[in-house]
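First up is the structure itself, then whatever we jot down about it.
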Amino acid sequence: MKRISLTQHLIEEQRLNNTIPAELRLLIEVVARACKTISHAVGKGALGDVLGSTQSENIQGEIQKKLDIISNEILLQANEWGGHLAAMASEEMETIHPIPNRYPKGEYMLLFDPLDGSSNIDVNVSIGTIFSVLKAPEGMGTPTEQDFLQPGRKQVAAGYAVYGPQTMLILTTGNGVKCFTLDREMGSWVMTQSDVQIPADTKEFAINASNARHWHSPVKRYIDEMLAGRDGPRSKDFNMRWIASMVADVHRILNRGGIFMYPADLREPDKGGKLRLMYEANPMAFIVEQAGGAATNGKQRILDIQPERLHQRVPVFLGSKSEVELVTSYHKE
Ligand code: AHG
Ligand code: MN
Ligand code: MN
């Protein structure tokens, strides 16, 4: 097999399609390198003393795991000095992180969920890192939080790493979705899928069913119809999978189709679900659309939502197009 490394792919993509300027390539390579470091820490587990929780809470009011903080630090340190960024933002930091004055500044802004699926860390189930890249508005000094509040369709790159049986990096720069597998011996990312397409039809859904009693009626109806199986209105049996790491659930859907849902529910009507728009839903929506799928908040395309706050939450329905369209149509009825 001819091995195409991440670097080779990025350089050739720039040569052919002019979509990855040198600074963006550097950014992607730095993030990918940081993910390697995180993967290494994750892989050590108890031997590296990285499991368990800390005493601190993040802005979302969640107790931070040790690996949430370690991963956040790894990404910050890796990305600070290269001159490719104007600022960063993270699930684990209340405010944005401008590039310190001692370093040159670049034209991009990076957002990340350093460790997704935190509840799975200590039980050795797949977890990941999600990232999103925006352009800083032109001609400005140090960016503000306001500068980050761009709709997801403005992303110039997005991706995630999944730390599972294999460590993989999934990337889009707006020209399809590529997958890279980490060759642990060589320490390099090798392209293993070059044109990911989400199968259009599916018999698999992912939702945290323990919240069923709190669901709004369109979600209830959609799930009930699937549960009714062959004898119900959908005339087929469905299967359910829920890993509780969005990266792992999305990764399964990229490979064999399906729909992933994290709806808002009746408990806190103003909260808008659990997942965060800017560093979870937007990058995943960009990837899923680039792989031929769809992503909505039940009413509109996720990538068209105008963010109002950095840590804003959003209901998420994403995956195979026909299913996302169906559950979205139920919300409109
Ligand atoms: P994070 O670990 O970054 O806070 O995100 C966890 C998210 C997401 O990965 C997953 O889909 C969902 O939370 C799991 O929620 P439940 O606890 O409801 O299963
Ligand atoms: Mn997350
Ligand atoms: Mn997280």
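Worth saying up front: this structure is predicted, and the values here are computed from it rather than measured. As a basis for the values below, the full set of heavy atoms in this structure was taken, side chains included, without hydrogen atoms, waters or symmetry mates. In each ligand, atom 1 is the first atom listed, and ligand 1 is the first ligand listed.
No more than 12 heavy atoms of other residues, nucleotides or ligands shown are found within 6.0 angstrom of NE2 on His40.
The minimum heavy-atom distance between Glu225 and Pro233, with the atom names listed, is CG-CG, 3.5 Å. Nearest heavy-atom pair, Ser132 versus Gln155, reported as atom, atom and distance to 0.1 Å: OG-OE1, 3.0 Å.
Ring centroid separation for the pair Phe260 and Trp242 comes in under the 6.0 Å cut-off.
For the residue pair His84 and Glu107, no side-chain donor N or O sits within less than 3.5 Å of a side-chain acceptor on the partner.
Shown here are the side chain to side chain contact (heavy atoms under 4.5 Å, CB included) partners of Gln150, two or more places apart in sequence or in another chain: Met109, Leu134, Pro137, Lys154. Residues meeting the side chain to side chain contact (heavy atoms under 4.5 Å, CB included) test with Asn239, sequence neighbours left out: Glu204, Arg241.
Checking side-chain atoms of Asp304 against main-chain N and O of Gln300 turns up no donor-acceptor pair under 3.5 Å. Listed for the Thr129 side chain is a donor-acceptor partner under 3.5 Å among the backbone atoms of Pro114.
Near ligand 1, residues Glu62, Glu91, Asp113, Leu115, Asp116, Gly117, Ser118, Asn208, Trp242, Ala244, Ser245, Met246, Phe260, Tyr262, Lys274, Leu275, Arg276, Glu280 come within 4.0 angstrom through at least one heavy atom.
For the Mn ion (ligand 2), protein N, O or S atoms under 2.8 Å: 3 in total.
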